[in-house]
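Notes for the one structure printed next.
The analysis underlying the following values was restricted to heavy atoms, covering all of them including side chains, and did not include hydrogens, waters or symmetry mates.
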Amino acid sequence: MSAEMVVGVVGCGQIGAMYADHLDALGPYRVVCVDADRARAEKLAQGVSSRSVAESVEELLSGGCDAALVTAATTSHPDLVGALIDAGVPTLCEKPLTVDLARTEALGTRAEQRGVPLWVGFQRHFDPGFADLRARTAGGELGRVQLLRLVSHDVSLPPLARLRESGSIFTDLMLHDFDMVRWLTGRRIVQVVADGSALSGPGLADIGDFDTVTATVRLDDGTLAALSAGRWQPVGYDVRAEVLGEKGNLQAGLTRAETPGTGSVDTSRFRGYWDRFATAYREQVRAFLTMAAGGPDTSAAGGWRDSYEALRCALAAERSARTGSVPISL
């Protein structure tokens, strides 16, 4: 790829910094850092010759931009992504695209009408373990799939300020799992029942959110999936999936801390998403920029329709949890 390819990183917090590091490793690229807090953008660009700063998306676009990674707050996604789409810039937006179904559909339709690629950051699609699990399941190794089990537990509670802007734990954290159920099986979710508690997260109850949730979903062929997610797992970041079929079980994402056959754990637990999914994030960025430079638009990527379907399920789960675990048909 050309050294002159300009990539905007719009949002220079922890995820933006992680993406900038992956861009440096994959480069060379000219990275333009954009953030509502200019000091944060300048900090991310400081000391790296291939990085510069723009005051706004408008300034980024005025200088020319070949692709953009949007990692700013969820509430800012519609305006930022909309501006990039209107300028014809291929865009990879961190999930969720929005926390509103109508706005998600509007953005996606806008991108399609303009012929602009719009990816959503479901990096688990690019994780070697999950991709292998999907391929082996689709290849019939398990026979008829009977049950899926998915686990997503963070090490510690994110700042409340971020949680206020990202929607509930269902639309923020468990969104990945609803997407995984669909991606692993190729089936549509038709019913959700969920529950949640605020057990260890100070302040969560005050903003109407949970730190521990479960959901059971039914697919259109009758297959069931059991999901759990949590904000507070101090022994280590834990994301796993298991598919149970008539011929056996397959699993992915077992952490490196587990010692098979002993039930014991060591101290090398994954520290967070940037650690557990380092390879997935890097491969996602590589595939996105290859596409933006004229290469294939890989079917592994999550698009806006994947974000829409996952959000549809997440919002149904949230309604179920808030109304006493009432099953919600989709």
Side-chain angles (χ1 to χ4, degrees), residues 11 13-16 18 36-37 40 71-78 93-101 103-104 120-124 149-181 192-217 225-241 253 255 269-277 307 310-328:
Q14 186 176 30
I15 297 179
M18 176 195 69
D37 181 351
R40 189 158 66 169
T71 65
T74 300
T75 51
S76 67
H77 288 178
C93 180
E94 268 301 295
K95 63 82 202 157
L97 188 56
T98 80
V99 292
D100 179 85
L101 286 172
R103 297 189 83 179
T104 297
V120 180
F122 289 119
Q123 86 284 351
R124 297 183 192 183
R149 291 197 287 246
L150 291 94
V151 174
S152 291
H153 291 265
D154 276 335
V155 174
S156 58
L157 188 74
L160 285 177
R162 186 182 80 75
L163 295 182
R164 288 190 183 95
E165 294 188 329
S166 61
S168 73
I169 187 173
F170 291 105
T171 58
D172 182 39
L173 179 57
M174 194 177 265
L175 191 79
H176 278 295
D177 299 294
F178 291 119
D179 174 66
M180 273 289 100
V181 169
V192 178
V193 58
D195 205 352
S197 294
L199 301 174
S200 305
L204 274 177
D206 294 335
I207 65 172
D209 203 356
F210 310 102
D211 60 25
T212 307
V213 293
T214 60
T216 301
V217 306
L227 287 56
S228 73
R231 295 289 193 188
W232 198 271
Q233 180 64 277
V235 297
Y237 185 78
D238 188 11
V239 174
R240 289 174 275 136
T255 71
R269 299 293 294 237
F270 290 110
R271 297 167 295 163
Y273 60 85
W274 65 91
D275 181 22
R276 165 66 182 84
F277 289 110
S307 187
L311 180 63
R312 190 175 66 93
C313 298
L315 292 174
E318 185 176 343
R319 291 198 305 274
S320 177
R322 296 193 189 286
T323 55
S325 296
V326 175
I328 305 292

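- Applying the salt bridge (charged side-chain N to carboxylate O under 4.0 Å, His left out) test to pairs two or more places apart or on separate chains, those with a residue in residues 167-181 are K95-D172, R124-D177, R162-D172, D172-R231.
- Between the side chain of S76 and the main chain of A72, no donor-acceptor pair closer than 3.5 Å is present.
- Qualifying side chain to side chain contact (heavy atoms under 4.5 Å, CB included) partners for A225, counting only residues two or more places apart in sequence or in other chains: L148, V181, V217, L227.
- Residues satisfying the side chain to side chain donor-acceptor pair (under 3.5 Å) test with T171, not counting sequence neighbours, are none.
- Between L163 and L157, the closest side-chain pair of non-hydrogen atoms falls below 4.5 Å.
- Between L311 atom CG and T98 atom OG1 the span is 6.0 Å, to the nearest 0.5 Å.
- The salt bridge (Lys or Arg N to Asp or Glu O under 4.0 Å) test applied to R312 returns E309, not counting sequence neighbours.
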Open item on the list: Please determine whether side-chain contact (heavy atoms from CB on, under 4.5 Å) holds for the pair Q14 and Y273, giving the CA-CA distance in whole Å, both sets of side-chain angles, and the decisive distance to 0.1 Å.
Closed with: CA-CA 11 Å; Q14 186 176 30; Y273 60 85; 3.3 Å; yes
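- In this structure, V213 and F170 have side chains that are in contact, with non-hydrogen atoms separated by less than 4.5 Å.
- The side chain to side chain contact (heavy atoms under 4.5 Å, CB included) check on S307 picks up L97, V120, F122, with sequence neighbours excluded.
- E94 meets the side chain to side chain donor-acceptor pair (under 3.5 Å) test with Y19; sequence neighbours excluded.
- Applying the side chain to side chain donor-acceptor pair (under 3.5 Å) test to residues at least two apart or on different chains, the pairs with a partner in residues 313-324 are S168-E318, E318-R322.
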Table please: side-chain donor-acceptor pairs of residues 196-210 below 3.5 Å, with sequence neighbours left out.
residue, atom, partner, partner atom, Å
D209, OD1, I169, N, 3.1
D209, OD2, I169, N, 3.4

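- Taking T75 as the reference, A73, E165 meet the side chain to side chain contact (heavy atoms under 4.5 Å, CB included) condition, with sequence neighbours excluded.
- Nearest heavy atoms, A317 versus F178: CB-CZ, 3.7 Å.
- Residues meeting the ring-ring contact (aromatic ring centres under 6.0 Å, His included) test with H77, sequence neighbours left out: none.
- The side-chain heavy atoms of P96 and T74, taken from C-beta on, include a pair separated by under 4.5 Å.
- F277 has its side chain within reach of V239: a pair of non-hydrogen atoms, C-beta onward, lies under 4.5 Å apart.
- With sequence neighbours excluded, the residues satisfying side chain to side chain donor-acceptor pair (under 3.5 Å) with R149 are E242.
- Checking side-chain atoms of H153 against main-chain N and O of Q233 turns up no donor-acceptor pair under 3.5 Å.
- Contact of the D154 side chain with the Y237 side chain is registered, since non-hydrogen atoms from C-beta on lie closer than 4.5 Å.
- Judged by distance alone, the side chain of S152 and the main-chain N or O of M174 form no donor-acceptor pair under 3.5 Å.
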